[in-house]
Amino acid sequence: SNSTGAKNAYLGHVTLKFSPEAPSTVQHHKHYCLEVGEHATPTIDHCIIRSTSVVGAAVCVSGVCASPTLRHCDISDCENVGLYVTDYAQGLYEDNEISRNALAGIWVKNYANPIMRRNHIHHGRDVGIFTFDNGHGFFEANDIHNNRIAGFEVKAGANPTVVHCEIHHGQTGGIYVHENGLGQFIDNRIHSNNFAGVWITSNSNPTIRRNEIYNGHQGGVYIFGEGRGLIEHNNIYGNALAGIQIRTSSDPIVRHNKIHHGQHGGVYVHEKGVGLIEENEVSSVHNY
């Protein structure tokens with residue numbers, strides 16, 4: 001379905017399936033089950049969307065003023081990316097179920113700036129939400145869990161705003177910011193991840209503020225490989241390794257955090273780590 005020329009189309013309560021023959025002799029130019037192009041503003045409501053294509057994405061929204069309202073849809077069990085928003089596209093994406101996809105649940109790139117609220121993104125075989133190549137976006141109250149890689153990954157100039165999300169039970173980490181990634185992560189609950197709750201590396205500089213970062217199977221916030229970042233007013237506790245670890249020439253600002261009930265130190269700086277560390281409250285820390 002291509003909503004060109006259907007500026008205010010409505011698509012609701014249908015199941016869409018894209019099942020290209022494999023291996024197809026016909027090269028599909030567009031590998032999407034549903035595509036929303038520039039200046040299209042359809043409402044897509046209560047649809048079930050499935051794609052067995054191993055390339056592309058189940059839903060692609062791209063182009064200037066591509067701005068759908070996508071809500072109460074189920075984009076699951078696809079063989080590639082679930083939802084792909086790119087090339088200055090916008091749109092409102094609310095209350096969708098995005099799960100068990102072979103690649104990321106959501107990709108946002110190339111100056112796309114979607115609003116995504118209350119989506120349930122889980123059990124993906126890759127990252128939950130991946131913003132990269134200068135992708136933006138406002139992500140509020142999403143539940144992101146049990147993805148095989150990080151819950152939320154930010155890379156290459158991407159700058160998302162992520163608030164009131166729950167990012168948990170990631171099979172690797174919670175939030176992974178690398179290769180000059182930015183982003184504001186504020187008032188989130190980041191917990192029960194296998195590796196660090198927040199990883200910052202390779203010249204990335206996100207703001208991590210007022211988050212609850214707890215019960216990680218490794219550390220709370222892990223800054224390495226020349227990572228930066230503003231880490232402030234977080235409550236970091238119950239992590240198996242240090243609450244905050246700074247290493248390999250990293251240089252963050254770490255202040256006004258509460259770090260407690262960790263099993264392996266509060267703030268741990270080593271291997272040429274530097275940084276401004278001020279007015280943190282470190283208590284009930286055990287060093288075994």
Side-chain angles (χ1 to χ4, degrees), residues 48-50 57-59 70-85 93-108 114-132 135 137-155 158 160-178 181 183-200 206 208-222 234-241:
I48 296 171
I49 299 166
R50 299 281 182 267
V59 178
L70 183 92
R71 51 169 63 117
H72 298 290
C73 291
D74 184 333
I75 306 172
S76 301
D77 300 300
C78 299
E79 291 304 319
N80 203 281
V81 174
L83 169 60
Y84 178 26
V85 188
Y93 307 80
E94 293 183 327
D95 301 293
N96 300 291
E97 177 88 11
I98 299 175
S99 64
R100 298 182 306 277
N101 296 300
L103 277 179
I106 297 174
W107 270 2
V108 178
I115 296 170
M116 299 197 173
R117 292 195 182 100
R118 297 183 308 277
N119 300 289
H120 188 194
I121 301 158
H122 61 100
H123 290 93
R125 285 175 267 162
D126 199 282
V127 179
I129 298 175
F130 186 18
T131 62
F132 60 109
F138 180 77
F139 301 84
E140 180 181 23
N142 301 286
D143 185 5
I144 304 168
H145 65 92
N146 291 93
N147 295 292
R148 197 170 66 79
I149 306 182
F152 208 113
E153 182 175 342
V154 183
K155 169 180 174 181
T161 298
V162 181
V163 299
H164 295 120
C165 290
E166 189 161 352
I167 300 172
H168 58 109
H169 291 91
Q171 289 179 37
T172 53
I175 293 167
Y176 179 35
V177 188
H178 61 122
Q184 288 73 237
F185 293 86
I186 303 169
D187 291 314
N188 301 288
R189 292 177 59 201
I190 303 159
H191 66 92
S192 313
N193 295 292
N194 273 353
F195 296 155
V198 180
W199 284 39
I200 301 168
I208 311 292
R209 180 182 292 131
R210 287 200 313 269
N211 301 284
E212 298 269 326
I213 302 172
Y214 61 98
N215 292 2
H217 300 177
Q218 288 192 7
V221 180
Y222 187 26
N234 300 286
N235 188 13
I236 302 173
Y237 60 94
N239 297 293
L241 297 180

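- A donor-acceptor pair is defined here as one N or O able to donate and one able to accept, closer than 3.5 Å; such a pair exists between the side chain of Asn188 and the backbone of Val162.
- Between His145 and His123, the two ring planes are perpendicular [angle over 60°; tilted spans 30° to 60°].
- Scanning both residues, Arg148 and Arg125, for their nearest heavy atoms gives NE-O, 3.1 Å.
- Between the Asn142 side chain and the Cys165 main chain, no donor and acceptor come within less than 3.5 Å of each other.
- The CD atom of Glu153 lies 11.0 Å from the CH2 atom of Trp199; values are rounded to the nearest 0.5 Å.
- Interatomic distance, Leu103 CG to Asp126 CG, rounded to the nearest 0.5 Å: 5.0 Å.
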Output side-chain donor-acceptor pairs under 3.5 Å for residues 72-79, partner residues at least two apart or in another chain, one line each.
{"unit_1": "Asp74", "atom_1": "OD1", "unit_2": "Arg50", "atom_2": "NH1", "d": "3.4"}
{"unit_1": "Asp74", "atom_1": "OD1", "unit_2": "Ser76", "atom_2": "OG", "d": "2.5"}
{"unit_1": "Ser76", "atom_1": "OG", "unit_2": "Ser99", "atom_2": "N", "d": "3.4"}
{"unit_1": "Ser76", "atom_1": "OG", "unit_2": "Ser99", "atom_2": "OG", "d": "2.9"}
{"unit_1": "Asp77", "atom_1": "OD1", "unit_2": "Arg100", "atom_2": "NE", "d": "2.8"}
{"unit_1": "Asp77", "atom_1": "OD2", "unit_2": "Arg100", "atom_2": "NH2", "d": "2.9"}

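- Listed for the Asn234 side chain is a donor-acceptor partner under 3.5 Å among the backbone atoms of Arg210.
- Contact between Val108 and Phe139 at its shortest, heavy atoms only, is CG2-CZ, 4.1 Å.
- Every residue was checked against the ring pair (Phe, Tyr, Trp, His ring centres under 6.0 Å) condition with Phe195, not counting sequence neighbours, and none meets it.
- Distance CD1/Ile129 to CD1/Ile144: 3.5 Å, rounded to 0.5 Å.
- Using a 4.5 Å heavy-atom cutoff, the side chains of Ile175 and Asn211 are not in contact.
- Applying ring pair (Phe, Tyr, Trp, His ring centres under 6.0 Å) to Phe132 and the options Tyr84, Tyr176, Trp107 leaves one that passes, Trp107.
- A heavy-atom distance below 4.5 Å is not found between the side chains of Thr161 and Glu140.
- In summary, Glu212 and Arg189 do not engage in a salt bridge, as defined by a charged side-chain N under 4.0 Å from a carboxylate O.
- Using a 3.5 Å distance cut-off with no hydrogens or angles, the side chains of Asn194 and His217 do pair a donor with an acceptor.
- Residues Gly197 and Ile190 share a closest heavy-atom pair of O-CG2, 3.5 Å.
- Between His122 and Asn147 the shortest heavy-atom distance is C-OD1, 3.6 Å.
- Val154 is listed as a side-chain neighbour of Phe185, based on a closest heavy-atom distance under 4.5 Å.
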For this session: Starting from the C-alpha separation in whole Å, work towards a yes-or-no answer on salt bridge (charged side-chain N to carboxylate O under 4.0 Å, His left out) for Asp95 and Arg118.
Result: CA-CA 5 Å; Asp95 301 293; Arg118 297 183 308 277; 2.9 Å; yes
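- Closest approach of Asn239 and Gly216 over heavy atoms only: OD1-N, 2.8 Å.
- Tyr93 and Asn119 get closest at one heavy-atom pair: O-ND2, 3.1 Å.
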